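These numbers were taken from a predicted model, which means no experiment stands behind them. So you know, we letter chains A, B, ... as the sequences are listed, proteins then strands, and number each from 1.
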Protein chains: 2
Amino acid sequence: MHYCLAMSNVSVPPALSIPGDATTTVQSVDRAVTILEILARSGEVGVTDLARELGVHKSTAFRLVAALERRRLVEQHVGRGKYRLGTGILRLAGATTSRLDLVQESRAVSRALAQRTGETVNVAVLSDGAALYMDQVAGSSALQPHNWVGQRIPLHATSNGKVLLSALDAADVVREAGAMPSFTANTITSLAALTRELAQTRDRGYAIAIDELEIGLTAVAAPVRNIHGEVAASLSISGPTFRLGARRVPELAEAVRAAADEVSSRLGWRGPHE
Amino acid sequence: MHYCLAMSNVSVPPALSIPGDATTTVQSVDRAVTILEILARSGEVGVTDLARELGVHKSTAFRLVAALERRRLVEQHVGRGKYRLGTGILRLAGATTSRLDLVQESRAVSRALAQRTGETVNVAVLSDGAALYMDQVAGSSALQPHNWVGQRIPLHATSNGKVLLSALDAADVVREAGAMPSFTANTITSLAALTRELAQTRDRGYAIAIDELEIGLTAVAAPVRNIHGEVAASLSISGPTFRLGARRVPELAEAVRAAADEVSSRLGWRGPHE
DNA sequence: TGATGATGTTGCGTTCGACGCAACAGTCAT
DNA sequence: ATGACTGTTGCGTCGAACGCAACATCATCA
């Protein structure tokens with residue numbers, strides 16, 4: 001029973017390059033960030049390929065990665081000249097999670113929920129067409145299946161993804177959900193079915209995914225709202241399907257919803273004033 | 001019993017700015033990375049303060065953070081104009097851990113060790129005067145105390161730190177260890193004592209830290225070597241002192257050493273050919 | 001073994017992009 | 001209102017970053 005996904009193979013929409021106001025930007029910084037994203041997507045890449053993807057000269061690409069390498073954001077594979085992401089990124093990431101309100105406020109709640117239920121708790125946000133895991137607390141029952149923090153997961157096949165999608169209007173759902181590839185026989189692949197599922201999610205206040213991303217993996221998620229009442233994140237509980245059977249789901253859904261509401265109120269949400 | 005440290009308070013040497021060959025660098029990229037590191041260190045910072053620390057004009061600092069913000073590497077606190085690190089960093093970090101050889105090779109070994117002992121396993125590398133946690137597998141016995149991935153921990157007060165220091169020569173030890181602040185009554189604070197401890201670590205092939213970083217926290221660590229035989233990382237097992245008592249340490253030390261050697265061999269190390 | 005292709009790396013001259021300036025637009029305290 | 005702060009933007013200048021081309025290495029292949 002290894003419900004540890006080979007994330008590298010999960011197709012996720014590429015980062016869209018937002019032109020936006022080209023007025024206020026710094027070209028070389030923008031290119032440097034693009035290099036980081038290319039490396040994140042492709043693993044090891046050489047200067048020549050980077051230059052081709054950026055549409056710049058080889059020497060320009062080289063100087064950019066050299067600048068990043070000096071600061072440890074990328075590393076160079078010894079011998080072979082290829083470049084990859086470096087440890088500097090992790091240093092920054094450690095600081096990020098300890099700074100963001102969402103993670104700070106949710107951690108205590110997540111921990112209590114994990115302890116009470118014995119299952120793994122995750123917190124995710126919407127990020128360019130995927131669910132980005134921000135925090136994770138492993139349950140006591142089992143060994144932690146995988147550290148998903150920083151990983152990006154398809155929206156249409158996960159409980160967290162459905163919750164995050166359920167707050168969007170139809171047009172945005174189409175844009176964010178994208179191609180909807182199939183992972184198991186239970187994966188939702190049609191837009192109509194997804195729309196129905198999202199309506200149901202909104203009605204009952206939580207989402208379920210049973211064997212949709214991987215056989216044997218079940219999850220239940222509920223929305224976390226910010227001070228304006230918008231869905232800012234999703235809090236989920238997940239574990240093996242045999243332990244999170246249909247009989248236990250209602251009870252867990254209630255617990256997840258309560259936990260998510262608790263985080264929401266810590267973020268300043270004062271409930272639905274209608 | 002909360003052996004979850006308030007990491008923000010642990011003093012760690014600031015990132016030293018390496019001038020190096022100023023020939024091959026890109027000024028604005030370098031400044032942008034500096035901004036990220038300032039934000040990692042200080043949390044929320046405004047444009048004016050960033051400009052002061054960088055030694056540039058306000059408008060320059062603004063354009064740099066704006067470029068980073070467009071790519072989600074920094075976020076702007078609504079209302080208050082302060083900036084902080086953003087979710088883009090986490091996206092990159094997720095890719096980093098799944099790409100680095102060390103993490104890939106160590107994960108299976110760490111998981112097995114955590115399962116067999118029931119305690120938490122960590123993998124750390126040396127990073128600018130601190131131990132940087134690269135990966136963590138929570139033990140089954142207890143709730144995972146804290147997600148330390150990406151966190152930087154003092155070298156002189158941890159088993160991982162001692163292992164990483166034990167591979168350096170005297171001058172480097174002084175440089176990396178730095179001020180050696182005291183965290184508990186058991187913290188090693190004198191250079192002489194640290195030197196003795198490092199010699200012992202080299203001799204027996206593992207390091208111990210009992211109540212040195214925090215009362216009630218015990219850890220045992222062993223070196224992971226790369227293909228050249230250099231100490232590339234440190235693998236540790238940690239848990240509450242009452243469970244990792246002196247009686248159990250020898251057994252755990254042997255297990256940690258075996259696990260570290262296994263990772264070493266996967267990285268290409270072929271044992272001490274003397 | 002030398003030729004040919006590929007890679008990453010570096011010096012140099014030019015041009016375009018990033019910089020500093022200063023004015024603007026807000027917010028909060030006095 | 002005034003002042004003292006913030007973050008933001010148009011503009012002209014100057015230097016930093018770019019493209020070019022040559023170089024250094026390493027594979028592969030004749």
Side-chain angles (χ1 to χ4, degrees), chain A residues 17-36 38-39 42-86 99 227-228 268, chain B residues 17-36 38-39 42-86 99 227:
Chain A
S17 68
I18 308 145
D21 330 358
T23 68
T24 308
T25 193
V26 181
Q27 190 189 52
S28 51
V29 172
D30 204 61
R31 287 173 171 171
V33 177
T34 303
I35 287 180
L36 294 178
I38 291 173
L39 293 176
S42 311
E44 292 199 334
V45 184
V47 165
T48 309
D49 290 331
L50 284 174
R52 189 181 8 255
E53 275 204 71
L54 283 172
V56 300
H57 195 267
K58 236 179 8 169
S59 63
T60 302
F62 170 74
R63 274 185 281 259
L64 289 170
V65 307
L68 293 171
E69 188 190 13
R70 184 152 326 183
R71 302 304 219 89
R72 293 277 134 89
L73 293 192
V74 309
E75 291 175 355
Q76 190 171 24
H77 200 182
V78 287
R80 290 245 134 286
K82 305 282 188 107
Y83 290 88
R84 59 167 70 167
L85 293 176
R99 302 286 184 200
I227 194 168
H228 305 112
Chain B
S17 69
I18 308 145
D21 330 355
T23 69
T24 308
T25 194
V26 181
Q27 190 189 53
S28 51
V29 171
D30 205 62
R31 286 173 171 171
V33 177
T34 303
I35 286 179
L36 293 178
I38 291 172
L39 292 177
S42 311
E44 292 199 335
V45 184
V47 166
T48 309
D49 291 331
L50 285 174
R52 188 180 10 256
E53 274 203 70
L54 283 172
V56 300
H57 195 268
K58 234 181 7 170
S59 63
T60 302
F62 170 73
R63 273 184 281 259
L64 289 170
V65 303
L68 292 172
E69 187 190 15
R70 183 152 328 185
R71 303 304 221 90
R72 294 277 132 89
L73 293 191
V74 309
E75 291 175 354
Q76 191 172 22
H77 200 182
V78 287
R80 288 246 132 284
K82 305 281 188 110
Y83 288 89
R84 60 167 71 164
L85 293 177
R99 303 285 184 200
I227 194 168

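Counting to the nearest Å, the P atom of dT9(C) and the NZ atom of Lys82(A) are 13 Å from each other. Leu50(B) has its CG atom 12 Å from the P atom of dT6(D), to the nearest Å. Note: CZ (Phe62(B)) to C1' (dC24(C)) measures 13 Å, nearest angstrom. Atom CD1 in Ile35(B) sits about 12 Å away from atom P in dG7(D), given to the nearest Å. Between Leu54(B) atom CG and dG20(C) atom P there is a gap of 10 Å when expressed in whole angstrom units. In this structure, Arg31(A) places its CZ atom 18 Å from P of dA16(D), rounding to the nearest Å. Straight-line distance from the CG atom of Leu64(B) to the C1' atom of dG17(C): 13 Å, rounded to whole Å. The distance between atom CG of Asp30(A) and atom P of dC18(D), rounded to the nearest whole Å, is 12 Å.
Among the heavy atoms of the strands lying under 4.0 Å from Ser59(A) is at least one base atom, whether or not backbone atoms are also near.
When each of Glu69(B) and Gln27(A) is assigned the nucleotide of DNA chain D with its nearest heavy atom, Glu69(B) is the one assigned upstream, toward the 5' end. Taking for each of Val29(A) and His57(A) the nucleotide of DNA chain C with the nearest heavy atom, the 5'-most of the two is the partner of His57(A). Ranked by how close their nearest DNA chain D nucleotide is to the 5' end, Val45(B) and Val26(B) are led by Val45(B). With DNA chain C read from its 5' end, the first of the two nearest nucleotides for Ser28(A) and Tyr83(A) is the one closest to Tyr83(A).
The two residues Asp49(A) and Val45(A) have their closest heavy-atom pair at CB-CG1, 3.6 Å. Of all heavy-atom pairs between Ala67(B) and Val29(A), the closest is CB-CG1, 4.0 Å.
Judged by atom type and distance alone, Lys58(B) does not reach the base of dG20(C) through any side-chain donor-acceptor pair under 3.5 Å. For Arg63(B) against dG20(C), a side-chain-to-base donor-acceptor contact under 3.5 Å is present.
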*Run the side chain to side chain contact (heavy atoms under 4.5 Å, CB included) check on Ile35(A) and Glu53(A) step by step: do they pass?*
CA-CA 9 Å; Ile35(A) 287 180; Glu53(A) 275 204 71; over 6 Å; no
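At a threshold of 4.5 Å between non-hydrogen side-chain atoms, the residues Lys58(B) and Thr48(B) count as touching.
Within the 4.0 Å cut-off from OP1 or OP2 of dG7(D), at least one side-chain nitrogen or oxygen of Thr48(B) is found.
Taking CG from Leu64(A) and CG from Asp30(A), the interatomic distance works out to 10.5 Å, rounded to the nearest 0.5 Å.
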